[in-house]
Amino acid sequence: MDTPFSNTAPTAGRPAWVNIVRVAVWSVCYFAFYFVQQVAELVAPLLLIVGIGWSALPHLMGIVSSSSEAGDPQAHDVIVRVSHAIPDHLNLGSHLLTPSSLIFDGLALMAAAALCATLSAVSARSM
């Protein structure tokens, strides 16, 4: 059964340079998709871990602060100061980073990795 993605098309009527150009174009596409997939698979977990940790840290500091109120007042003051020192956003140039944006970017990179894996498989089959 022939599909548009099958590599069973007869090449007798085509010049050899057309086949070489076709393979070269699909090779470049395969490289690009595979490269994006590898970078996304490397960066996505890092963004997710940093985003989840950053969003959980103020809550954890609040729990520690409330449990240390009855104990040492100086330790409680230090914990409160540290918890207020955690920023809720960062400006890096023109980029605004928040915990939720890092989590969303990590999930978007996972989706991009899945899409690029599919596209690289299609381009490898089309070579």
- Message: Tell me every residue that passes side-chain contact (heavy atoms from CB on, under 4.5 Å) with V18, counting only those two or more places apart in sequence or in another chain.
- Response: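 So V18 forms a side-chain contact (heavy atoms from CB on, under 4.5 Å) with R14, P15.
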- Message: Going by the rule side-chain contact (heavy atoms from CB on, under 4.5 Å), which residues pair with N91 if we only count those two or more places apart in sequence or in a different chain?
- Response: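 N91 satisfies side-chain contact (heavy atoms from CB on, under 4.5 Å) with H89, L96 only.
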N/O donor-acceptor pairs under 3.5 Å from side chains in residues 39-60, not counting sequence neighbours:
from : atom 1 : to  : atom 2 : distance (Å)
E41  : OE2    : Q37 : NE2    : 3.2
W54  : NE1    : P87 : O      : 2.8
S55  : OG     : G51 : O      : 3.3
S55  : OG     : I52 : O      : 3.0

With a 3.5 Å cut-off and sequence neighbours excluded, list the donor-acceptor pairs that the side chains of residues 26-34 form with protein atoms.
from : atom 1 : to  : atom 2 : distance (Å)
S27  : OG     : V23 : O      : 2.7
Y34  : OH     : Q38 : NE2    : 3.4

Anything under 3.5 Å between a donor and an acceptor, one on a side chain of residues 103-124, the other on a protein residue two or more places apart or in another chain? List them.
from : atom 1 : to   : atom 2 : distance (Å)
T118 : OG1    : A114 : O      : 3.1
S120 : OG     : C116 : O      : 3.1
S120 : OG     : A117 : O      : 3.0
S123 : OG     : L119 : O      : 3.2
S123 : OG     : S120 : O      : 3.0

- Item | Where at least one partner belongs to residues 95-104, residue pairs that pass side chain to side chain donor-acceptor pair (under 3.5 Å), sequence neighbours excluded |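 For residues 95-104: T98-S100, T98-S101.
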